[in-house]
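Here is how names work: the chains are called A, B, and so on, in the same order as the sequence lines, proteins then strands, and each is numbered from 1.
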2 protein chains.
Amino acid sequence: MADKVTIADVARAAGVSRQTVSNALNTPEVVREETRRRVLDVVEELGYRVNQAARQMRTGRSRLIAARIDPEQDGINGSVGDRFLHGLTETAAREGYRVLLYTADGDDAETAAFDDLLGAYEPDAFVLMATHHGDRRTTWLAERGVPFVTFGRAWSDPAAPHCWVDVDGAAGTEAATRHLLSQGHRRIGFLGWPKGSGVGDDRREGWRRALAEVGLGVAGLHRETEDDVVPGEHAARDLLDRDPEITALVCASDSLALGALHVARAPGPAWLAGGHPHRPVAVVGFDDTPVARAIGLTSVRQPLAEVASSCLRLLTHRLDGGAGAPPEYLLLPPSLVVRASG
Amino acid sequence: MADKVTIADVARAAGVSRQTVSNALNTPEVVREETRRRVLDVVEELGYRVNQAARQMRTGRSRLIAARIDPEQDGINGSVGDRFLHGLTETAAREGYRVLLYTADGDDAETAAFDDLLGAYEPDAFVLMATHHGDRRTTWLAERGVPFVTFGRAWSDPAAPHCWVDVDGAAGTEAATRHLLSQGHRRIGFLGWPKGSGVGDDRREGWRRALAEVGLGVAGLHRETEDDVVPGEHAARDLLDRDPEITALVCASDSLALGALHVARAPGPAWLAGGHPHRPVAVVGFDDTPVARAIGLTSVRQPLAEVASSCLRLLTHRLDGGAGAPPEYLLLPPSLVVRASG
DNA sequence: GTGAAAGCGCTAACAA
DNA sequence: TTGTTAGCGCTTTCAC
């Protein structure tokens, strides 16, 4: 283990007091240029680094940001969270923060994790993913005045009572639908999640809007189901069977889109488990997961690195600057990645 | 922010000294049963949690384990690291540790990250992934006496100079090859990475072994290439074009396997970008990524949750118990997930 | 079995 | 502009 260099060692070597070293590092403008240089040189030379634990005891700030790592659900959508986490870790490091991981299954388990973490490691803030209606996590944190941002808007309270960053899902499905319209498709279905989920309703809305813009209705053109491959396949089959005119499907996720592809391709490739010959139908997914890339699925891509850096920016702004300022929020545009499937 | 409950609050409420509270929590056997009960009741009641920063200052232990989060490479293989990280976080929490994330691009950047982290947050240990020949990270840590485990054996020094957990890749490809043999395939090719990578050579060896066991040679039956879809496709085409008798391919990764599938299926599904009609060939991948599941690719699965928990067990054993004990290591068996592709 | 004292490394407040 | 003092919450040491 490398021998620990403390602020006292630096002070001694530079011939100043410990406090001056601290000032040179944390409040440089208060130290004379020459002194500052000398101190920083010694810091460099000795390889001194401030000890977080000691600093935390004094300042009450840990420079730790806590984030949950999801169990991969179906493994397809899971990649979204992982890309986000990566972006968060990178941006955080640049701002002098580190990401602390935790797991939790459900809102209540997660608030319990908050409690644990705050008691022990005292993270300065939390970054939450996948906000939803009636999210108990945000109220728990807000009640206790713990700083946090969410990836996902404040669905329950659109008046934005907390910081959030989100991607405009409706704009994504709208772009997807317009793309299909421009390809000549006139009867375009939608595969989504049961009503009541903010994200799902938002994505359906974009599709509806794009059709409405060209005077098309949506009656009988959509199905709602659980977000997984097999349910997606069933829903797609049902939809296509009942309406022979449908030539394209917009899906709320790549999982659903993959299910749709199982029935939408003619002839279905035999090795695509459960594939049944059907008529050719264009399919667009959502999230641009590795699976979409692998199978040539057109998909709506979320700018996850940008979402992550924005989350961190809002957070540091709040942490380092005005804690009293009104919460900020940010809606980022997605992009459409066009591939062979549509 | 929840008001902080300190050990002094607990001591006061329980009518004992601070020290007794500390003992009741950390050295229960030294406190009288009755006192211990009373203290623990108050701890519960007040929601007291030891402050890590303060404890760390005293003990020098942070109960933090640092691990790298990878940028998703091609997005396919990336899922391995993410599943591993998840397992690590879950097991760590059960053992009273938390996972601290960092990113780094290359060995040298990673050792720089070690230096930063050790100076500032003082993680108790590191968990490294993807060890390789001449790994500068392990020597850096070993030289400084920093505890660590690796997911991936000590390739450079098989005498096991450090703790590691790995999956028996050769056993995986051997099982895959045997499976294909049992299906009647007699001429089975291999798609892998350039020689010299520990993992790649290991996986090729399993295939070779399985063929040797039934008296088959490997001359002209393998290709080495970069671990990505397009190179995999080219290599597969080359191999299949030159040897018309090959009816099955074992691949060192799902990325390569996906590339192979682009040429191995007849007729290639049109929406699989770049697909060219070819004769039908069975394909087996490695890692059982979400992509494998999505496209029905038979693949070798690594028990990542078990790898993660084993890593943590070796680590805590070393951390809490004998730091002087010889390094332990563990080779876990993979399993074959059979799907439509082979 | 329990309590008092000391100090880990740092920085806020104040004094020089 | 620089130095001194104090104390964050905890546990190790030693006295009782």
Run the side chain to side chain contact (heavy atoms under 4.5 Å, CB included) test on Val307(A) and Gln302(A) for me, step by step, so that the C-alpha distance in whole Å, both residues' side-chain angles and the decisive distance to 0.1 Å come before the verdict.
CA-CA 8 Å; Val307(A) 173; Gln302(A) 306 200 51; 5.6 Å; no
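- Residues Thr111(A) and Arg136(A) share a closest heavy-atom pair of CG2-O, 4.0 Å.
- One atom, CD of Glu122(B), and another, C1' of dC8(C), lie 10 Å apart when rounded to the nearest Å.
- Under the 6.0 Å cut-off for aromatic ring centres, Phe114(B) and Trp140(B) qualify, their centroids lying closer than that.
- Residues passing the salt bridge (charged side-chain N to carboxylate O under 4.0 Å, His left out) test with Glu29(B), sequence neighbours excluded: none.
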Would you check, one step at a time, whether the test side chain to side chain contact (heavy atoms under 4.5 Å, CB included) holds for Phe126(A) with Tyr102(A)?
CA-CA 11 Å; Phe126(A) 286 83; Tyr102(A) 64 92; 4.2 Å; yes
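- Put simply, the side chain of Arg12(A) never gets that close to the backbone of Ile7(A): no donor and acceptor are under 3.5 Å apart.
- Of all the residues in residues 27-36 of chain B, Val30(B), Val31(B), Arg32(B), Thr35(B) reach under 4.0 Å from DNA chain C with at least one non-hydrogen atom.
- Nearest heavy-atom pair, Leu46(A) versus Ala13(A), reported as atom, atom and distance to 0.1 Å: CD2-CB, 4.4 Å.
- The separation between Arg38(B) atom CZ and dT2(C) atom C1' is 11 Å, rounded to whole Å.
- The stretch residues 42-53 of chain A does not touch DNA chain D, since none of its heavy atoms comes less than 4.0 Å from the strand.
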Let me see the working for Val42(A) and Tyr48(A) under side chain to side chain contact (heavy atoms under 4.5 Å, CB included), right down to the final yes or no.
CA-CA 8 Å; Val42(A) 174; Tyr48(A) 167 78; over 6 Å; no
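- In the 5' to 3' direction, nucleotides of DNA chain D lying under 4.0 Å from heavy atoms of chain B begin and end at dG9(D) to dT12(D).
- Judged by distance alone, the side chain of His162(B) and the main-chain N or O of Ala142(B) form no donor-acceptor pair under 3.5 Å.
- Atom-to-atom distance recorded for Arg32(B):CZ and Thr20(B):OG1 is 10.0 Å, nearest 0.5 angstrom.
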Polar atoms only, N or O, under 3.5 Å: list the protein pairs with nucleotides 4-7 of chain C and their distances.
from: dA6(C); atom 1: N6; to: Arg18(B); atom 2: NH2; distance (Å): 3.4
from: dG7(C); atom 1: N2; to: Arg58(B); atom 2: NE; distance (Å): 3.3
from: dG7(C); atom 1: N2; to: Arg58(B); atom 2: NH1; distance (Å): 3.2
from: dG7(C); atom 1: N3; to: Arg58(B); atom 2: NH1; distance (Å): 3.1

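- With Val50(A) as the fixed residue, the side-chain contact (heavy atoms from CB on, under 4.5 Å) test singles out one of Thr6(A), Val21(A), Leu25(A): Leu25(A).
- The closest side-chain donor-acceptor pair between Glu122(B) and Gln52(A), if any, does not fall under 3.5 angstrom.
- Terminal axes of the helix from dG1(C)-dC16(D) to dA16(C)-dT1(D) (five pairs each, C1' rotation axis) are separated by 40°, to the nearest 10°.
- Inspection of the Ser22(A) and Asn26(A) side chains reveals an N or O donor paired with an N or O acceptor under 3.5 Å.
- Judged by a 6.0 Å distance limit and a 45° cone about the ring axis, Arg63(A) is positioned over the six-membered ring of Tyr97(A).
- Remark: P of dC8(C) and CD1 of Ile7(B) are 19 Å apart, rounded to the nearest angstrom.
- For the pair Met57(B) CE and dT11(C) P, the computed distance is 11 Å after rounding to whole Å.
- In this model, the phosphate group of dT11(C) is not approached by any side-chain N or O of Asn23(A) to a distance below 4.0 Å at OP1 or OP2.
- The distance from atom CG of Leu64(A) to atom CZ of Arg98(A), rounded to the nearest 0.5 Å, is 10.0 Å.
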